[in-house]
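See below for the structure under consideration.
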Amino acid sequence: MDEDTLDQIAALPKLELHLHIEGGAPPAFIRGLAQEKSVDLSGVFRPDGSYAFRDFVHFLSVYEAATSVLQSPEDYARLVTAVLEESAANGVVYTEAFLSPDFCGGGDVAAWREYLQAMIEAAEAAERANGITLRGIVTCIRHFGPEQAKTAALCAAETAGDWLVGFGMAGDENKGEQKDFAYSFDMAREAGLHLTSHAGEWRGAAEVRRAIDDLGVSRIGHGVRAIEDPALVERLAEDGVVLEVCPGSNVTLGVYPNLAAHPVEKLREKGVRITLSTDDPPFFHTTMRKEYTDLARTFGWDAEVFAEIHKTTLEAAFCTEETRQSVAKRLEIP
Ligand code: ADE
Ligand code: ZN
């Protein structure tokens, strides 16, 4: 692919549906907060200043250690400002971020409301300054267990609306079963929230089926290991289930050895509705701009392919119709 085409793709306005807000924290931001609060974060960073982790389970513990310096609504407001500044600098115009009441007030609804309000105000300021729109998805954390998930779901249900638009599950896919979280997903659904769950990142295709059948989600976080079951791939395509694909995350964490071996192109060719995201960009040394240009180089994706992905992403966004229309204008989709 020639440099002009790559430059054109790098410059496209971009949409992201799968970003963990703490996972977007620049390492220098976390180091600064640790210093302010005298928190010892030894082991969290490599000598070059980047986040240090060996594998997925270690990544989750480093993530939680870094998150321990975020201790107030003001800290989260600063985090949202830092994350959206970086996203906007990479051309992102619309983002949905995973927010965790477990980290924001420990599952207490009144405390969560304060964290949420601070994040919304920071997001509104970022929208005025940089033209980027943020919407929130409350996420429960699988390895914290189903009982704690219920408190996250209650926080989500109590604050559901035009800004807090979804409920999901992240964390260690190898812990517990999706059906153990059905109560929480039912509560969120009844509150009018859209649903997504991490599945098929670490466990195989059967886990993707379980997210759909046991939790009733319309989107899957990752879902890429669906490729191992042709009948499931056909079902995803037929039913229009949307995958939140994070290629750079999967390669860095070792789900696939390199981007050429990643199934995103095969899934797309088979008619599965795919969207693109960074997951936890500074942890995985990625940005939306890098994801786009890496995919263009590796699979020869041109502006037409990205336009098709944008259309899918906009349709799959959990926001209101009014927000969808306003974002569409920024993408120049008629
Ligand atoms: N939390 C943050 N990033 C995650 C990932 N890639 N999978 C599961 N949980 C996460
Ligand atoms: Zn994720």
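In each ligand, atom 1 is the first atom listed, and ligand 1 is the first ligand listed.
For the Zn ion (ligand 2), the neighbouring protein N/O/S atoms at less than 2.8 Å, given as residue and atom, are His18 NE2, His20 NE2, His198 NE2, Asp279 OD1.
Heavy atoms of Phe98 found under 4.0 angstrom from ligand 1: none, in either backbone or side chain.
Partners of Arg225 under the salt bridge (charged side-chain N to carboxylate O under 4.0 Å, His left out) rule, at least two apart in sequence or in another chain, are Glu228. In this structure Phe181 satisfies the ring pair (Phe, Tyr, Trp, His ring centres under 6.0 Å) test with no other residue, sequence neighbours excluded.
Ring pair Trp301/Phe306 is perpendicular by interplanar angle, where above 60° counts as perpendicular and below 30° as parallel.
Judged as a ring-ring contact (aromatic ring centres under 6.0 Å, His included), the pairs with a partner in residues 221-251 (not counting sequence neighbours) are, in order, His18-His222, His198-His222.
In this structure, Arg31 contributes its side chain and Pro26 its backbone to no donor-acceptor pair below 3.5 Å. Listed for the Gln178 side chain is no donor-acceptor partner under 3.5 Å among the backbone atoms of Leu215. A distance-only check finds no donor-acceptor pair linking the side chain of Ser100 to the backbone of Phe103 [under 3.5 Å]. With hydrogens and angles ignored, the 3.5 Å screen pairs a side-chain donor or acceptor of Arg273 with a backbone N or O of Gly240.
Taking the six-membered ring for Trp and the full ring otherwise, the centers of His58 and Phe53 sit at least 6.0 Å from each other. Under the 6.0 Å cut-off for aromatic ring centres, Phe59 and Phe284 qualify, their centroids lying closer than that.
Using 4.0 Å as the threshold, Gly23 has no heavy atom nearer than that to any atom of ligand 1. The closest approach between a heavy atom of Phe283 and any atom of ligand 1 is not below 4.0 Å.
Atom 9 (N) of ligand 1 has Gly171 N, 2.9 Å as its closest protein atom, hydrogens excluded (heavy atom only).
Remark: ligand 1 atoms within the under-4.0 Å shell around heavy atoms of Phe56 are 5 (C), 7 (N), 8 (C). With ligand atoms numbered from 1 in the order given, ligand 1 contributes 9 (N) to contacts under 4.0 Å with heavy atoms of Ala170.
The shortest N/O to N/O separation between Asp280 and ligand 1 falls below 3.5 Å. Polar contact check, Glu201 against ligand 1: a nitrogen or oxygen pair lies under 3.5 Å apart.
Around atom 10 (C) of ligand 1, the closest heavy atom drawn from His222, Glu64, His18, His20 belongs to His20. Within the set Leu60, Asn250, Asp279, Asp172, the minimum heavy-atom distance to atom 6 (N) of ligand 1 is found for Asp279.
One finds the CZ atom of Phe167 at 11.0 Å from the CZ atom of Arg189 (value rounded to the nearest 0.5 Å).
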